[in-house]
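Written out below as structure tokens is the structure these notes cover.
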Amino acid sequence: MTVITRFAPSPTGLIHLGNIRTALINWLFARVNNGKFILRIDDTDAERSTKEYADKIKHDLDWLGINYDQTFDQSSRFEVYAKRFQQLKDSGRVYACYETSEELDRKRKLLSAAGGKQVYDRSALKLTDQQKKDYESEGRKPHWRFLMNSERIEWNDLLKGKISIDLTSLSDPVLIRADGVPLYTFTSAVDDIDYKVTNVIRGDDHTSNTAVQIELINALDKCDITFAHHALLQASTGNKLSKRDGVISIESFREQNMEPLAILSLLATIGTSNSIELKKDIKQIIDEFKIETISTSPGRIETDLLNALNKKLVQSLNFIDIKDRLERVDSRIDELFWNSVKGNLSTVEDIKKWADIVFNEDKIDVEDKEFVKQALSVIPAEPWDENTWEAWTAEIKELTGRKGKELFLPLREAFTGMKHGPEMKQLIQLLGREKILNRVNI
RNA sequence: GGUCCCUUCGUCUAGCGGUUAGGAUAUCUGGUUUUCAUCCAGAAGAUCACGGGUUCGAAUCCCGUAGGGACCGCCA
């Protein structure tokens, strides 16, 4: 049997590190098993869903290299849901309810205050035909709940092991809203059946929901989906990752110039027993993926980890790999420039700063004028190479008697305006004799 | 309040009855780089949440407690 997994975001916001981790796990699981990975857009709620977000989600996946074998929108399947709903109606597994949201809300509060179970009391089940007719003539439209029969649902979770949920502690789920829109619990079950999904891998927040869905799928068909629930990621503060928390959205990482591979490396290793390290490529991530290594206890994610991985990645990049990107930043950046400066970058775009330092035409004010003047008096003739700096500074040392920091720091500051930076023996080659003579303000 | 899950160095984790409790990251120190980063070497860091039980022996099995997480929507 072909393994089929899916990632089913609702296009109501940007996806973040937590969501994308779920997507990645599903994708990896499919790839490792030579299976199929489906992207399903859960957009039945037209008011909250936007095409813009759906596009952004696709763009994020695409950017990260998480490709899908198939994609579809739930909004294109309303007829299918209607048919499936009729099936449940025919088998007597759904019932019409006429409470308003406010009434249900009040009921819940009452139950909560009384310390009892906050579970729907199924009072709609006791409605007579006359009462229903009265509601209808009042203009009320019913919403429909699924009647759960089982006491308990058990399954063998691929990650958490044997799970057993008390179904009586859960409300009969609403499948169809009063406005006729089918809800997630229902559409997801239908789609998982129709698209022959074999493995549903998702966050721990769905665990109790899974019991409901198993009951529902069994009412429609026969459930032989293997479920797996991974622990949720927490922010480094211990708070939950919020969808509205812009700083952890994939889009924001892209805007911060993080590399996809750095993000994937982090996501593939955090909350697992794998070493947190930069992976060579996506193939290595696939090769090393084992779903059993994913932890079931909620773990904190420290944002510094991503920065460290990204830095490591940038510094390992060869000129040939990013020639085109550098071209777009500044066409004057050549191989020597890249190799000289990359050790001081955290992101590829950081190179702008060094390009500016090297290429700008501004004068640099020098504090130690006398010393620098002496240094320039023995500036070597071009051509310059790797050894020029050493030879030159040896001469300056001889001339001035300075050594160590006293010798090197003033020169670095005079030529670059910076206290730190790439090795001077490289930098002076990038600058060249004329530029050094011109920019120093003495 | 109910249901389900979790608890080992700062952080992510290995561990399946007998280990000096291992690794990765972060931290610190030394070396390299006459800077920073990298790299190399080393160090420090965990009363295995707590209490009880089972056992010759428990991080590991059982019970309880505490703490954390998730869910309990006409959201997904």
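Proteins get letters first, then strands, A, B, ... in listed order; numbering begins at 1 in each.
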Could you tell me whether [X] contacts a base, only the sugar-phosphate backbone, or nothing, with contacts defined as non-hydrogen atoms closer than 4.0 Å?
X        : value
A:Leu409 : nothing
A:Thr100 : base
A:Asp42  : sugar-phosphate
A:Glu423 : base
A:Leu167 : nothing
A:Asp205 : sugar-phosphate
A:Gly271 : sugar-phosphate
A:Leu170 : nothing
A:Gln315 : sugar-phosphate
A:Thr416 : nothing
A:Arg300 : sugar-phosphate
A:Pro422 : base
A:Ser295 : sugar-phosphate

Salt bridge present between [X] and [Y] (N-O < 4.0 angstrom):
X        : Y        : value
A:Lys283 : A:Asp281 : no
A:Lys58  : A:Asp55  : no
A:Asp191 : A:Arg6   : no
A:Asp60  : A:Lys56  : no
A:Lys279 : A:Glu277 : yes

What's the gap between [N] and [M] when it is taken at their [atom1] atoms, as a whole Å value?
N     : M     : atom1 : answer
B:U60 : B:U8  : P     : 13 Å
B:A26 : B:C39 : P     : 9 Å
B:G22 : B:A59 : C1'   : 13 Å
B:G45 : B:U3  : P     : 43 Å
B:U7  : B:U47 : C1'   : 16 Å
B:U19 : B:C48 : C1'   : 13 Å

Could you identify the nucleotide paired to [N], looking across every strand shown and requiring Watson-Crick or G-U wobble geometry with both distances under 3.5 Å?
N     : answer
B:U11 : B:A24
B:C50 : B:G64
B:C56 : B:G18
B:G30 : B:C40

Side chain of [X]: nearest nucleotide among [options]?
X        : options             : value
A:Ser275 : B:C75, B:C74, B:A24 : B:A24
A:Pro298 : B:U35, B:C6, B:C74  : B:C6
A:Ile270 : B:C74, B:C12, B:A37 : B:C12
A:Leu183 : B:U35, B:A24, B:C75 : B:C75

Given atom [atom1] of [X] and atom [atom2] of [N], what is their separation to the nearest angstrom?
X        : N     : atom1 : atom2 : result
A:Leu233 : B:A70 : CG    : C1'   : 14 Å
A:Asp166 : B:U3  : CG    : C1'   : 7 Å
A:Leu306 : B:A26 : CG    : C1'   : 15 Å
A:Phe7   : B:A76 : CZ    : P     : 15 Å
A:Asn339 : B:U38 : CG    : C1'   : 14 Å
A:Glu302 : B:U13 : CD    : P     : 12 Å
A:His230 : B:C4  : NE2   : P     : 21 Å
A:Ile165 : B:C5  : CD1   : P     : 7 Å

### Query
Can A:His206 be called stacked on B:A70 when the rule is centres closer than 5.5 Å and an angle between planes below 30°?
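Ring-base stacking flag not set for A:His206 and B:A70.
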
### Query
In terms of heavy-atom contacts, does NZ of A:Lys133 have more than 12 from other residues, nucleotides or ligands at under 6.0 Å?
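Not more than 12 within 6.0 Å, no.
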
### Message
I'd like to know whether the aromatic ring centres of A:Tyr195 and A:Phe72 sit less than 6.0 Å apart in this structure.
### Response
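Ring-ring flag for A:Tyr195/A:Phe72: true, centres closer than 6.0 Å.
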
#### Entry: Comparing A:Thr272 and A:Arg152 on RNA chain B - which has the more 5′ nearest nucleotide
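Of the two residues, A:Arg152 wins.
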
### Message
Minimum heavy-atom separation for A:Glu99 and A:His143, please, with both atom names.
### Response
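That would be O-CE1, 3.1 Å.
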
